[in-house]
Amino acid sequence: MLERLRGKRLVFVGDSLNRNMWESLVCILRNSIKDKKKVFEVSGNHKFRAEGSYSFLFQDYNCTVEFFRSPFLVQEWEVPVRHGKNKETLRLDKIDLSSSRYKNADIIVFNTGHWWTHEKTSLGKDYYQEGDQVYRELNVHDAYRRALNTWAKWVDSNINPKKTTVFFRGYSASHFSGGQWNSGGSCDKETEPITNEQYLIPYPQKMSILEEVLHGMKTHVAYLNITRMTDYRKEGHPSVFRKQKLSEEERKSPERYQDCSHWCLPGVPDSWNEVLYAQILVKQHQMLHQ
């Protein structure tokens with residue numbers, strides 16, 4: 001894969017699940033390099049949660065594997081309200097500001113999904129904005145479609161398909177049982193994957209919306225549909241083990257600190273990267289024979 005990426009930029013753009021996939025790929029590729037000093041984060045970062053972007057350089061191949069945090073792909077915004085205070089909104093009509101920094105990359109993998117299930121987005125009250133209008137109420141699926149259309153127009157206007165290959169990774173299911181991520185849900189007792197298909201989630205409506213948007217685009221975007229294959233792996237999350245040293249408070253009520261959305265590494269995102277690699281091989285073959 002590093003030979004295929006020689007002299008290129010591979011960029012992941014999206015939420016912390018795409019960061020999970022980026023971390024997986026950096027680890028896999030770095031593992032194949034004998035001299036680990038020749039793989040490093042360009043700006044010297046050693047913590048991979050605080051900043052908005054990261055770039056690992058593989059020196060011998062002159063290629064970078066990068067991540068840009070953009071959980072919605074569109075811009076998080078603020079509007080002034082009374083007494084000098086601001087209110088957070090989401091601009092469904094404006095692409096995220098970081099877009100100018102990666103639009104010339106050779107391969108871009110986008111995603112957005114999980115943040116649309118949080119309280120603000122799923123309720124959609126006084127939160128979604130287009131132009132100067134903040135909607136008093138807007139259905140989350142309608143908002144998601146508008147945001148994706150904004151992203152699609154940006155891709156069609158700014159991406160050169162002769163240079164840049166674009167992917168969109170689908171939604172990966174969470175496996176909280178007994179409540180959601182913020183209400184005591186847990187997965188730490190899970191030790192086996194799902195074997196009975198009736199326990200898989202229905203195909204997410206957001207991904208059906210994504211497919212409609214992709215179908216209407218000028219630019220060909222390859223859809224990495226990992227939703228179903230990932231849903232089987234209810235035992236693959238960090239759960240209570242995401243932190244090595246739990247505080248006294250965390251020990252007393254572990255269900256409050258469960259992570260049943262992200263994935264252990266090595267683990268599930270490694271499979272996503274195998275699918276990505278297969279798609280890159282297909283794309284490069286097609287470009288050679290055009």
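Position 1 is the first residue of the sequence; numbering continues from there.
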Stepwise salt bridge (charged side-chain N to carboxylate O under 4.0 Å, His left out) check, D156 with K218: CA-CA 6 Å; D156 281 343; K218 281 191 318 207; 5.5 Å; no
Step by step, would you call D93 with R91 a salt bridge (charged side-chain N to carboxylate O under 4.0 Å, His left out)? CA-CA 5 Å; D93 56 344; R91 284 297 296 264; 2.8 Å; yes
Walk me through whether R9 and I108 qualify under side-chain contact (heavy atoms from CB on, under 4.5 Å). CA-CA 8 Å; R9 284 178 75 197; I108 312 175; over 6 Å; no
Could you go step by step and tell me if L90 and Q75 meet the side-chain contact (heavy atoms from CB on, under 4.5 Å) rule? CA-CA 6 Å; L90 190 67; Q75 275 189 48; over 6 Å; no
Let's go through L5 and I107 carefully: what are the C-alpha distance in whole Å and the side-chain angles of both, what is the deciding distance for side-chain contact (heavy atoms from CB on, under 4.5 Å) to 0.1 Å, and is it a yes or a no? CA-CA 9 Å; L5 295 176; I107 301 166; 3.8 Å; yes
Do Y135 and D142 pass the side-chain contact (heavy atoms from CB on, under 4.5 Å) test, and can you show the C-alpha distance, the side-chain angles, and the key distance before you say yes or no? CA-CA 12 Å; Y135 293 100; D142 192 5; over 6 Å; no
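Residue-environment remark: NZ (K36) exceeds the threshold of 12 foreign heavy atoms within 6.0 Å. Atom CG of N196 sits in a crowded spot, with more than 12 heavy atoms from other residues, nucleotides or ligands closer than 6.0 Å. At most 12 non-hydrogen atoms from other residues, nucleotides or ligands lie less than 6.0 angstrom from NZ of K153. Counting non-hydrogen atoms of other residues, nucleotides and ligands closer than 6.0 Å to NZ of K283 gives a total above 12.
No side-chain heavy atom of W263 sits under 4.5 Å from any side-chain heavy atom of S24. Between L10 and L25, some side-chain heavy-atom pair lies under the 4.5 Å cut-off. A heavy-atom distance below 4.5 Å is not found between the side chains of F241 and C264. Using a 4.5 Å heavy-atom threshold, the side chains of Y277 and L281 count as touching. Using a 4.5 Å heavy-atom cutoff, the side chains of V74 and K94 are not in contact. Contact check for F167 versus Q279: side-chain heavy atoms found under the 4.5 Å cut-off. Looking at heavy atoms from C-beta onward, I95 lies out of side-chain contact with N158 at the 4.5 angstrom threshold. Side-chain contact between E235 and R233: present, with at least one pair of heavy atoms (C-beta onward) separated by less than 4.5 Å.
For the ring-ring contact (aromatic ring centres under 6.0 Å, His included) criterion with F110, the lone passing option out of F12, W151, F72, F68 is W151.
Heavy-atom minimum distance, G14 versus F67: O-CZ, 3.7 Å. Contact record, P204 with I201: CG-CD1, 4.2 Å, taken as the closest heavy-atom pair.
Taking the six-membered ring where tryptophan is involved, the planes of W116 and Y144 are perpendicular, since the angle between them exceeds 60° and thus also 30°.
A distance of 9.0 Å separates CE in M21 from CG in N111, rounded to the nearest 0.5 Å. One finds the CG atom of N20 at 9.5 Å from the CG atom of D15 (value rounded to the nearest 0.5 Å).
For residues 187-229, the pairs satisfying disulfide (SG to SG under 2.5 Å) are C187-C260, with sequence neighbours left out.
Salt bridge D106/K163: present, at least one basic N to carboxylate O contact under 4.0 Å.
Think of F40 as one node in a network of Ile, Leu, Val, Met, Phe, Trp and Tyr side chains linked at under 4.5 Å; its network also takes in V42, L57.
E41 places a side-chain N or O within donor-acceptor distance of the main-chain N or O of S55, the cut-off being under 3.5 Å.
A donor-acceptor contact closer than 3.5 angstrom is absent between the side chains of H237 and D188.
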